[in-house]
Number of protein chains: 2
Amino acid sequence: MRRDIFQAVADPTRRAIITLIALQAMTPNAIAEQFNTSRQAVSKHLRILTECELVKGEQKGREIYYRLEVERMKEIDKWLEQFRKIWETRFSQLDELLSTIKKPKT
Amino acid sequence: MRRDIFQAVADPTRRAIITLIALQAMTPNAIAEQFNTSRQAVSKHLRILTECELVKGEQKGREIYYRLEVERMKEIDKWLEQFRKIWETRFSQLDELLSTIKKPKT
DNA sequence: TATAAATGCAACTGATCGGTTTCGCAAATT
DNA sequence: AATTTGCGAAACCGATCAGTTGCATTTATA
């Protein structure tokens with residue numbers, strides 16, 4: 001039961017669900033119709049996504065609308081931060097290199 | 001054998017390895033010393049990371065130095081892009097709301 | 001040349017995963 | 001009140017996973 005946001009996002013179907021409901025909340029049935037999967041399978045994915053709070057369900061009568069907790073996605077972004085620093089540094093080093101070539105031996 | 005960058009990053013040990021070698025290339029033995037895992041386990045992780053080109057090994061004598069292919073990490077960043085748009089929109093909507101409160105009925 | 005060190009690879013194992021099937025429950029419809 | 005609809009939960013199944021153990025190969029060292 002160790003739900004991890006990275007593990008949640010590892011599954012392609014789950015990523016597709018996330019993208020699907022990113023713009024508007026949807027019911028499990030509606031989601032399942034978009035894929036070649038059963039409603040129950042989607043339900044299991046939604047449970048996993050709910051467990052790590054990537055998704056939240058809101059009951060409306062007998063339907064449940066699931067919507068993306070987009071804020072939670074920032075966790076991944078946060079982890080990427082350290083590498084973004086590196087690739088930006090690489091870029092500025094390249095930048096520096098280029099300007100060194102332009103005016104060699106300042 | 002369907003190696004996917006998201007699946008590669010799903011494992012916490014693999015994420016730790018990535019972070020570890022992000023700044024400087026390391027050998028499997030050196031990496032294994034940092035964790036509570038065997039060298040062989042690290043080797044398997046490195047194989048997976050190599051398969052999806054997140055990591056590249058360079059032979060130096062009988063040692064192999066593995067370094068991070070930081071460019072590859074941008075794939076994850078790229079996927080996040082769509083959600084970044086959403087949360088930035090949310091933010092600017094909040095921004096708009098705040099300025100509406102400040103000066104109501106312009 | 002014999003030995004030690006660094007590594008990859010294959011076989012095995014218990015755990016987990018993603019999916020299906022079946023069931024039960026609550027809300028809507030007839 | 002009986003039926004249909006929308007849903008989650010549990011039991012099960014084959015596939016995959018992460019780790020261990022054992023072995024083979026190449027390079028450095030004694």
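Residue numbers begin at 1 in each chain, while the letters A, B, ... track the order of the sequences. Predicted model only: the values in this text are computed from it and were never measured. Values reported hereafter were calculated over all heavy atoms of this structure, with side chains retained and with hydrogens, waters and symmetry mates removed.
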Engineer: Please confirm whether the shortest side-chain N or O distance from S38(A) to OP1 or OP2 of dG19(C) is below 4.0 Å.
Structural biologist: no
Engineer: Within the 4.0 Å heavy-atom criterion, would you say Q40(B) contacts the bases, only the backbone, or no part of the nucleic acid?
Structural biologist: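 The residue Q40(B) makes base contact.
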Engineer: Whether T27(B) contacts dA5(C) is assessed here as follows: a side-chain N or O lying under 4.0 Å from the phosphate OP1 or OP2. Is that the case?
Structural biologist: no
Engineer: With a 4.0 Å cutoff (strictly under), does any side-chain N or O of H45(A) reach OP1 or OP2 of dG19(C)?
Structural biologist: yes
Engineer: Assuming nearest nucleotide by heavy-atom distance, tell me which of I48(B) and R39(B) is located more 5' along DNA chain D.
Structural biologist: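 Final value for this comparison: I48(B).
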Engineer: Using only modelled atom types and a 3.5 angstrom limit, is any donor from either the side chain of R62(B) or the base of dT7(C) paired with an acceptor on the other?
Structural biologist: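 Such a pair does not exist between side chain and base.
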Engineer: As a test of reading the structure: which of dG18(C), dA28(D), dT7(C) is closest to the side chain of E63(B), going by heavy atoms?
Structural biologist: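 Nearest to the side chain of E63(B) among the choices is dT7(C).
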Engineer: Taking only N and O in the side chain of N29(B), is any of them less than 4.0 Å away from OP1 or OP2 of dA5(C)?
Structural biologist: no
Engineer: Show your reasoning for whether salt bridge (charged side-chain N to carboxylate O under 4.0 Å, His left out) applies to E81(A) and K85(A).
Structural biologist: CA-CA 6 Å; E81(A) 199 65 30; K85(A) 272 174 199 156; 5.7 Å; no
Engineer: Using heavy atoms to find the nearest nucleotide of DNA chain C for A10(A) and S43(B) separately, return the residue whose nucleotide is more 5′.
Structural biologist: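 In this pair, the answer is S43(B).
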Engineer: Please tell me which of the listed nucleotides, dT7(C), dT4(D), dC7(D), lies nearest to the side chain of P28(A)?
Structural biologist: dC7(D)
Engineer: State, yes or no, whether a side-chain contact exists between V9(A) and W79(B) at a heavy-atom distance under 4.5 Å.
Structural biologist: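 V9(A) reaches W79(B) side chain to side chain.
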Engineer: Mark yes or no for a side-chain to base donor-acceptor pair under 3.5 Å between K44(B) and dG19(D), with no hydrogen or angle criteria applied.
Structural biologist: yes
Engineer: Picking from dA6(C), dG19(C), dT20(D), which would you name as closest to the side chain of A41(B)?
Structural biologist: dT20(D)
Engineer: Report yes if a side-chain nitrogen or oxygen of R14(B) is closer than 4.0 Å to either non-bridging phosphate oxygen (OP1 or OP2) of dC17(D); otherwise report no.
Structural biologist: no
Engineer: Are the side chains of I31(A) and L46(A) in contact, using a 4.5 Å heavy-atom criterion?
Structural biologist: yes
